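Please read all numbers here as calculations on a predicted model, not as lab measurements.
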Amino acid sequence: MPQSSGGSTERLNTKRHTGGCQRTTSSPICLLVNPRALQFFFVAVIAPLLPTTLVRGALSNGATYSLSFVDINGNKLSTADGHVTVLVLATKSDWEKAHVVGDRIPDSCLGNPNYRMITIVRFTRKHGVIVRNVATAFIRYRMEEAAKRLQTRYDAQKIEHDAKSDIFVVTDFDGSASAQLEEPAEEVEFRVLVFARDGKLLARWSDVPSAKQLAEVLK
């Protein structure tokens, strides 16, 4: 009989400890554990759905970046190689905007080896070899036009320099070049960024900056 009574007492205590949270919603332990479990559950469910913009932010003014590119002619370029760099990111449809940015570069920067403008042409869809070759040929044609426009400005300033050698274009067929800007590729349409000689980001715009804005940054 004493053994039976003790066993009943132990079973009763066990029920009190294990079943208390199910029966007593006002228990301090239940109030502490349940919300934490729910928080963990919702975070685990929502985390995969968070947009990449919350994980990878855009480049920040004042920070230093060493971004590397290879242009259409095989030239290796960097935003931290001693040049003040005007970097333009555009799609094929924004090519004329890139021309406008070039036209608004201050005369004091023309022919100056310390300054450089790089245009990245981003393709929004994947293309085969044939289409890439056609697109590259078209871009080279547009580069010739840009060089003629730039040469006109050189001649007006009596700058004895071949403008064609100052045209740098990067063809971004796979998104690797634009990915360095730390923005989701699907959200990037047009950007203008200015980097100091050491790669420090001085300014950035999502549209064509005015000539005055460029002059203030490039002075």
Side-chain angles (χ1 to χ4, degrees), residues 57-73 75-122 139-172 177-183 185 187-219:
L59 304 188
S60 302
N61 286 359
T64 300
Y65 303 93
S66 181
L67 312 181
S68 300
F69 312 99
V70 178
D71 76 351
I72 197 172
N73 293 319
N75 297 309
K76 295 181 180 180
L77 311 169
S78 173
T79 57
D81 61 1
H83 296 81
V84 175
T85 302
V86 177
L87 181 65
V88 179
L89 175 64
T91 60
K92 291 188 298 181
S93 59
D94 293 323
W95 184 271
E96 190 56 37
K97 283 187 176 182
H99 274 318
V100 175
V101 174
D103 291 342
R104 293 180 178 177
I105 297 294
D107 290 343
S108 59
C109 299
L110 299 182
N112 189 331
N114 294 321
Y115 294 85
R116 180 175 60 197
M117 175 174 165
I118 303 173
T119 301
I120 300 176
V121 181
R122 184 178 70 86
I139 290 174
R140 287 189 180 279
Y141 170 75
R142 298 302 297 268
M143 289 173 64
E144 291 285 344
E145 291 185 329
K148 291 177 181 178
R149 293 169 64 166
L150 182 57
Q151 192 65 57
T152 300
R153 295 186 64 187
Y154 278 13
D155 293 342
Q157 297 293 322
K158 297 182 179 181
I159 300 174
E160 297 181 358
H161 186 67
D162 184 8
K164 187 182 298 185
S165 62
D166 293 335
I167 304 295
F168 302 96
V169 176
V170 177
T171 51
D172 190 18
S178 54
Q180 295 185 66
L181 303 183
E182 299 185 3
E183 298 188 61
E187 295 184 11
V188 177
E189 293 184 358
F190 186 81
R191 295 285 186 273
V192 179
L193 305 98
V194 180
F195 295 90
R197 296 184 183 186
D198 60 353
K200 180 179 179 181
L201 183 59
L202 302 177
R204 64 190 303 272
W205 299 275
S206 58
D207 205 347
V208 180
S210 66
K212 180 179 179 181
Q213 289 174 313
L214 281 173
E216 290 177 349
V217 176
L218 297 174
K219 60 184 178 179

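Sorted pairs that involve residues 83-94 and meet salt bridge (charged side-chain N to carboxylate O under 4.0 Å, His left out), not counting sequence neighbours, are lacking altogether.
Of the options Leu193, Ile118, Leu59, a side chain to side chain contact (heavy atoms under 4.5 Å, CB included) to Leu67 is made by Leu59 and by none of the others.
At least one side-chain heavy atom of Asp81 sits under 4.5 Å from a side-chain heavy atom of Arg116. Annotation: side chain of Leu87 is in contact with side chain of Ile120 (closest heavy-atom distance under 4.5 Å). Between Ser60 and Tyr65 the shortest side-chain heavy-atom distance falls below 4.5 Å.
Considering CD1 of Ile167 and CZ of Arg149, their distance stands at 10.0 Å, rounded to 0.5 Å.
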_With side chain to side chain contact (heavy atoms under 4.5 Å, CB included) as the criterion, how do Tyr115 and Ile105 come out once you've worked through the C-alpha distance, each side chain's angles and the decisive distance to 0.1 Å?_
CA-CA 10 Å; Tyr115 294 85; Ile105 297 294; over 6 Å; no
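Without hydrogens or angle criteria, Arg104 side chain to Pro209 main chain gives a donor-acceptor distance under 3.5 Å. Looking only at distances, no side-chain donor or acceptor of Thr85 sits under 3.5 Å from a matching main-chain atom of Thr79.
Across all non-hydrogen atoms, the minimal contact from Tyr154 to Leu110 is CE1-CB, 3.7 Å.
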Pairs under 3.5 angstrom only: tabulate donor-acceptor contacts from the side chains of residues 212-219 to other protein residues two or more places apart or in another chain.
| unit_1 | atom_1 | unit_2 | atom_2 | d |
| --- | --- | --- | --- | --- |
| Gln213 | OE1 | Ser210 | N | 2.8 |
| Gln213 | OE1 | Ser210 | OG | 3.4 |

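Remark: Trp95 pairs with His99 by the ring pair (Phe, Tyr, Trp, His ring centres under 6.0 Å) rule, at least two apart or across chains.
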